Amino acid sequence: MITLSIYPSTHLGTHDVNLSLVQDFNILYAYEEQKLSRTLNKEAKYFPDRALLNSFYTTGIKPSDVDVLCIVGPCKVDKNYLNSIRNIKKYYGIDAKIEFCPHHKAHSYYSVLTSPFKETLFWTLDAGGEDNLFGEFGFFKNKKFYLLDENKSPSLPTFYYHLTAAAGFADFEEGKVMGLSAYGSVAPSMYNKFLSLFKWNKECNFNYNFNNNKIKNILDFSSYTPDKHRPHKIFKYMNRNLNFKMKKITTGYFQAEISKTGQKFCEDFSIEILKKKISKKNLDIKNICLSGGFFQNILINERIKTELDLKVYIPPGPSDFTLAAGGGLYCNFRKIKKFRPKSYLSPYLGPSYNNKFILNEIKKYALSYKGLSNKKLVEKASEDILNGRIIGWFQGKAEVGARALGARSVLADPKNLKSKSKINQILKRRDWFMPFAPSILPNDAKKILENYQFSPYMNISFRVKEKFKKLIPSAIHVDNSLRPQIVKEKGLYKNLLLEIKKKRGIGCVLNTSFNVHGLPIVSSPENAINLYLKGMVDVLYIGNYRLDKRTKRYSAKKLLSEKNLKINMNRKYLNTLKQNKEFNNIKLIKINYKKNKLRAEND
């Protein structure tokens, strides 16, 4: 049975459009439209026609092979909506039955049916689906799903969404709050005031209470460019019903303190919610599957892993990026009962291009190149990395989700302290406080990481054992955390790590996504070549070809320390508050800053 599944529907036009082809319980293809359209998040909307055509190209499946067309999301279906779906079927030649999958069912089925567990708890949590639900909790046992409760009110994800705006960031920048939190400290008064925004209900859901009074939109064209259509960066509070209570609570604090306090609050109460739910239902299941945008927060996932007696599974791309895959599994599961848990789900579910296709793209640009065998390729790539060069790595099928997992990656030496600053400040031009992740072989990960658990998708943070910190300093965040991809799957990427291990004694590489800030991860050979030509990487390994212009691909400007970068960030934030005429906020920040400075000096 082949199900073609899409999210969101044409009726909704929201964010994170994606498409999947699922045969029985095998995900043949799962990918986000934004990577093909080259437009991030909310602006990649309506029908995922690029992903549809690419799915047929990649898998060899024909429209006539599709048995079911699954639409994820809509809670109401009217006549006009059905007509639009029928027109889509007719246009693309799809003669299949139409079925629908609720938002959080797609999250739950995706996490559970791709997990290695025969029985497991499941918990989904996000800022809201089309069915006006914000999460669900239950368990899977004897090949059946048992729903215990649904979260019908906003909770921690919506709070974190508003916190992101309060910290001065835009839509879809929750990850910046998490990254910056490592540089701040918890403000007890702010933390306690956050409690006033929440109330427990009888199902042990921690409901977030806020009003709908919008903060006035602030127009800011400082980051505007017609090449990156991101209105949420121009209208600073666009689509954020940021309540005045939140703004009042966070007034008087710098961004790092707001981020740290809010992050700690969410970590603490994620644990508390889960404990209460398990206790209330007297559940004795030791596995849990987590899905929904909230569980892209690796620090929350780490706390759940280390503080509760549970084995945690978070699939690749647990946010809305994989709702189509979940919808396909949902439809197929209800018809096919012979389900067996997977030992491992490969995240490489997107487009792939053969060497002939890649070579044609290289020749279009009249670039010099060298063809290499797989063995020579990994030898030369490892040599470049250990010599301090930044390489672009474009190999095989693309990853699904927001994390680069060694198919569309930028790779560097994790031992070289300059690697992080060079990529952040010069090549990718992203925020200085954002951490990087290492890809590492399982045996090395067991030696280096505390509380080891196999984590192949960069979804959980770990702490590094003290004696190993000097081996991978660029991969470790300021709070001693790192978000590893533990590479077990056989292939070229694992061979590269094995080659590095031969030369250095540890199979580890610094890995970040192959994109510039504000654009999606590269999807096609042309995308990768364009970034190579713009100087983002020193060397490009694409298919079995190596491209190296042997020119200096970045400026010789002086790299700043993180201390100076934080000072510059604080100055910029004060200037923004001044422009917004938040003079009382500025005054309180300066008072708190002086108090903290005196306290630090006395300590």
Side-chain angles (χ1 to χ4, degrees), residues 1-8 16-33 35-36 48 50-63 65-73 94 96 99 101 103 105-117 120 122 124 140 145 289-292 313-352 396-403 405-408 456-459 488-489 491 521 523:
M1 178 176 169
I2 295 175
T3 297
L4 170 66
S5 181
I6 64 170
Y7 173 82
D16 296 344
V17 179
N18 56 93
L19 177 143
S20 185
L21 278 170
V22 182
Q23 185 172 37
D24 297 337
F25 297 113
N26 296 315
I27 302 172
L28 303 179
Y29 182 95
Y31 207 54
E32 309 96 284
E33 181 76 3
K35 291 176 182 174
L36 295 163
R50 293 174 180 83
L52 176 65
L53 296 176
N54 188 267
S55 71
F56 292 144
Y57 170 82
T58 300
T59 64
I61 298 291
K62 300 187 292 294
D65 296 330
V66 175
D67 300 302
V68 174
L69 174 61
C70 174
I71 313 296
V72 178
I94 300 168
E99 295 190 7
C101 174
H103 185 107
K105 287 287 179 284
H107 277 316
S108 296
Y109 279 64
Y110 173 61
S111 64
V112 171
L113 298 181
T114 63
S115 78
F117 306 140
T120 181
F122 61 86
T124 75
F140 178 79
F145 284 84
C289 294
L290 304 173
S291 195
Y313 173 77
I314 303 144
S319 68
D320 290 354
F321 283 146
T322 50
L323 281 173
L329 291 169
Y330 170 82
C331 289
N332 292 0
F333 181 81
R334 295 192 301 165
K335 293 181 173 60
I336 304 168
K337 300 302 179 184
K338 294 179 181 179
F339 169 73
R340 291 182 180 177
K342 292 183 178 294
S343 59
Y344 168 74
L345 172 69
S346 173
Y348 308 110
L349 299 169
S352 64
K397 295 186 74 173
E399 313 93 333
V400 67
R403 314 288 191 218
L405 300 172
R408 306 291 184 267
Y457 312 125
M458 292 186 184
N459 283 335
K488 188 177 180 180
E489 186 170 343
I521 299 172
S523 178

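These numbers were taken from a predicted model, which means no experiment stands behind them. Just so you know, residue 1 is the first one in the sequence shown, and it goes up from there.
Applying the side-chain contact (heavy atoms from CB on, under 4.5 Å) test to Pro116 and every residue at least two apart in sequence or in another chain returns Tyr313. Contacts of Ala30 classified as side-chain contact (heavy atoms from CB on, under 4.5 Å), with partners at least two apart in sequence or in another chain: Ser20, Ile27, Ala325, Leu349, Val400. Remark: Tyr110 pairs with no residue by the side-chain hydrogen bond (donor to acceptor under 3.5 Å, both in side chains) rule, at least two apart or across chains. Looking at residues two or more places apart in sequence or on another chain, you find a side-chain hydrogen bond (donor to acceptor under 3.5 Å, both in side chains) between Asn332 and Thr3. With sequence neighbours excluded, the residues satisfying ring pair (Phe, Tyr, Trp, His ring centres under 6.0 Å) with Phe145 are Tyr109, Phe122, Phe140, Phe333. Partners of Arg50 under the side-chain contact (heavy atoms from CB on, under 4.5 Å) rule, at least two apart in sequence or in another chain, are Glu33, Leu36, Ser37. Looking at residues two or more places apart in sequence or on another chain, you find a side-chain contact (heavy atoms from CB on, under 4.5 Å) between Gln23 and Ile2, Leu28. Contacts of Lys488 classified as salt bridge (Lys or Arg N to Asp or Glu O under 4.0 Å), with partners at least two apart in sequence or in another chain: none. By the side-chain hydrogen bond (donor to acceptor under 3.5 Å, both in side chains) test, Ser319 pairs with no residue at all, sequence neighbours left out. For Lys342, the salt bridge (Lys or Arg N to Asp or Glu O under 4.0 Å) criterion is met by no residue, not counting sequence neighbours. Partners of Tyr57 according to the side-chain hydrogen bond (donor to acceptor under 3.5 Å, both in side chains) rule, which considers only residues two or more places apart in sequence or in another chain, do not exist here. Annotation: salt bridge (Lys or Arg N to Asp or Glu O under 4.0 Å) contacts of Asp67 (sequence neighbours excluded): none.
Counting heavy atoms from C-beta on, the side chains of Tyr457 and Arg403 never come closer than 4.5 Å. Using a 4.5 Å heavy-atom threshold, the side chains of Ser346 and Glu489 count as touching. Counting heavy atoms from C-beta on, the side chains of Tyr29 and Pro351 come closer than 4.5 Å. Residues Phe339 and Leu113 are in side-chain contact: their nearest non-hydrogen atoms beyond the backbone lie under 4.5 Å apart. At a threshold of 4.5 Å between non-hydrogen side-chain atoms, the residues Lys105 and Thr124 do not count as touching. Considering only heavy atoms from C-beta on, Lys35 stays 4.5 Å or farther from Arg408 through its side chain.
Here the CG atom belonging to Leu323 is positioned 12.0 Å from the CD1 atom belonging to Ile6, to the nearest 0.5 angstrom. Note that the CE atom of Met458 and the CD atom of Glu399 stand 8.5 Å from one another [nearest 0.5 Å]. The distance from the CG atom of Leu345 to the OH atom of Tyr348 is 11.0 Å, given to the nearest 0.5 Å. For the atom pair Thr114 OG1 and Leu329 CG, the distance stands at 7.5 Å (nearest 0.5 Å). To the nearest 0.5 Å, atoms OG (Ser5) and CG (Leu21) are separated by 9.5 Å. Rounding to the nearest 0.5 Å places CG of Leu4 at 11.5 Å from CG of Asp65.
Remark: the backbone N or O of Asp16 is not paired with any side-chain donor or acceptor of Asp320 at under 3.5 angstrom. Judged purely by atom type and a 3.5 angstrom limit, Ser55 uses its side chain to pair as donor or acceptor with the backbone of Leu52. At least one donor-acceptor pair under 3.5 Å links the side chain of Ser291 to the backbone N or O of Pro318. Side chain of Thr322 to backbone of Gly317: a donor-acceptor contact under 3.5 angstrom is found.
Side-chain atoms of Tyr31 and Thr58 form no donor-acceptor pair, as typed in the model, at a separation below 3.5 Å.
The shortest non-hydrogen separation linking Cys331 to Val68 is SG-CG1, 4.4 Å. Across all non-hydrogen atoms, the minimal contact from Pro347 to Pro316 is CB-CB, 3.9 Å.
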